[in-house]
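Worksheet: the structure to be examined is printed underneath.
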Number of protein chains: 2
Amino acid sequence: MSPTLRDVAERAGVSIRTVSNVVNGFAHVAPATRARVEQVVAELGYRPNTVARSLRQGRSRMLALVVPELDVPYFAELTRFVIEHAAARGYTVVVDQTDGDPTRERELIMNGTTANLFDGVIFSPIALGGADLRDRTVTTPVVLLGERASAVGLDHVMIDNVTAAGLATRHLIELGRTRIAAIGDQNDETRQTARLRTLGFRQAVTEAGLRVDPVLLRSTSFFHRADGAAAMAELLALADPPDAVFCYNDLLALGALRTALQHGVRVPEDIAIIGFDDIEDGRYSTPSLSTISPDKEQIARLAVELLANRLDGDTTEPVEVPADFTLQARESTLGR
Amino acid sequence: MSPTLRDVAERAGVSIRTVSNVVNGFAHVAPATRARVEQVVAELGYRPNTVARSLRQGRSRMLALVVPELDVPYFAELTRFVIEHAAARGYTVVVDQTDGDPTRERELIMNGTTANLFDGVIFSPIALGGADLRDRTVTTPVVLLGERASAVGLDHVMIDNVTAAGLATRHLIELGRTRIAAIGDQNDETRQTARLRTLGFRQAVTEAGLRVDPVLLRSTSFFHRADGAAAMAELLALADPPDAVFCYNDLLALGALRTALQHGVRVPEDIAIIGFDDIEDGRYSTPSLSTISPDKEQIARLAVELLANRLDGDTTEPVEVPADFTLQARESTLGR
DNA sequence: TCATGGGCTTGCAACGTTGCAAACTTGCTC
DNA sequence: GAGCAAGTTTGCAACGTTGCAAGCCCATGA
């Protein structure tokens, strides 16, 4: 067993409370006492028991970050920033992945299995929709990440997906492409991200006076490399294949890129490809990947700030905070 | 505040202890009592307070996984497996990243800032060596991951890096390459991984009757894509550049690949490239990346098992468990 | 000499849970 | 019908910490 306040107190010949005062740098402690206690603390290697402290204080200074998949680079990169910003505000972050499983998402967010363990939650939902989230019974503060439709009554950091998708699509149009495909639409009603990006895509194509050929709008089950690869194979098999593709994330785009090159299709000469997320992989692929780059550092910072403020007692109305994004045009659309 | 056992007990007209018995599925509880308590539990939305439970029981059923960088795909992929296996044994995993910072590594492992919070730690060290680890004061069980030299008196899951590096190098030699470079050596004595891979590389080259040209052994500060890209640029600038490169991980290899292609060097015709880790990126690059594939799922499983057994009271001598690896020959060495 | 006050130290209780062991209630056997 | 075992329920204490408020001590000034 690790030593406790009692052990230190006995050995130093003072009360438990005094040791606690020293450890917490409290109030008035005589220099001599402080020195003696500190020495014993060092001798015994005393460390405050986090669990007992949490119980007593009713807070743990731990935040949960709930993401669909940790090994999806976008979330891994985001996680780094969240951890950094949380640390700056004195919080430890625990990461949990849901695999987009509604049951698991519900378990973590809705009914508070972990309610007393974390002071707050940053949650990037996949399956749970606004309706689900509205009747949460747990009162642990939550900040939503990503693209979920609003009006949930929870703080929310997101980027404007319609505009961002339009930006990507217009970039392809401006390059003179006319037969533009999209990979990543999802039939599932709850997948807001995909729906919003499809909306932005459609708007941009239509506004440019082009037509959205239904066969060029490819649905995928997931947002993984394999899905992008498969979708691109289908597109290339068409009698009249596209001359540009907007992929709803970089993994899809990297899968699509791989398939295109394998089929001897030149990128961007024959088909231009643009992704979304600006993960590091895309900067080192050949050709390097054009993409929409959400400001991940800003997203993480805003989310942590919102949450930390709530925990500091901020009771104003929940807000919806937009995050910035930019177009990163690279070789997969511009060429070398 | 969330409801406690006391709240449920009062409302159900039973003692706190009985509610606890119901919640824990204990012993003999009359069906009628159980039903009533369960109803109140549902009504109030009672959830056991994890923190209080941990304090009382002296264990949290949480494991810490300490890795250098979460956004390095190898660790992200490994983390997924660790979380899965830990869940299967009833543990929750908390992930923490150290950025390879010795202070932070020490803080997490050595002096137990978090000692009472976690029942055990799975630790992938970068900076801390065997000597450091030997005089740990904390008694929380630890399983080491990766390539650290042994004799530390801690459980340890690793792959045989010398053999693995040799396997990669021989693959290049068998393809007829004679001027073979290596990227990823590190001057820092504590970086065992790099040293062992260099050793395996040297041995294989020498055994094949070839010479290790010192200029072809490139050191890097980190194991990131940018380091691989920079090292490859240096190699290509040589009067007599290599015809094959063994990179100590896949990120280095992907960076090197990018630089090679940018310089108009054909891979593998002009330079064959092989990496290490078998991260998903490498399967979708063009050309796809040959690599050494450690069995990550096995590594995670062994680590969790070792740790869980210790927590179940296993007091046998610490063991050193080897994990499997295979050669994955792909386009970056074989061509299309 | 005694009251005053500030610096310093302390005991008690409580956070929500569970181990322990006692106590109570049945129903059954002899 | 008494005794006993099994089934059921309970009170107490403790895990290690900190908020609260009281109490101690000594120096100062009247």
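Each chain gets a letter, A, B and so on, in the order the sequences are listed, and its residues count up from 1.
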| field | Sugar-phosphate or base contact per nucleotide [nucleotides 17-28 of chain C; S, B, -; heavy atom under 4.0 Å] | value | BBBB--------

| field | Side-chain N,O (A/T18) to OP1/OP2 (C/dT10) below 4.0 Å | value | yes

| Pairing residues for A/F222 by the ring pair (Phe, Tyr, Trp, His ring centres under 6.0 Å) criterion, not counting sequence neighbours | A/H224

| Exam field: side chain A/D7 to backbone A/T4, donor-acceptor pair closer than 3.5 Å | yes

| query | Just how far, in rounded Å, is P of C/dA13 from CG of A/L55? | reply | 18 Å

| message | Counting the atoms with a prime plus P, OP1 and OP2 as sugar-phosphate, which does B/V51 contact under 4.0 Å by heavy atoms, base, sugar-phosphate, or nothing? | response | nothing

| Note: A/D277-A/K296 ion pair, threshold 4.0 Å (strictly below) | no

| said: A/R301: which residues meet the side chain to side chain donor-acceptor pair (under 3.5 Å) condition with it, sequence neighbours left out? | reply: none

| said: Is the phosphate of C/dC8 approached by A/T33 (side-chain N or O, under 4.0 Å from OP1 or OP2)? | reply: no

| B/V41 side chain reached by B/V22 side chain, heavy atoms, under 4.5 Å | no

| Hey, does A/S54 reach any base, or is it just sugar-phosphate, or nothing, if we go heavy atoms under 4.0 Å? | nothing

| field | Side-chain (B/N49) to main-chain (B/V51) donor-acceptor, under 3.5 angstrom | value | yes

| Just how far, in rounded Å, is C1' of D/dT8 from CZ of B/R36? | 13 Å

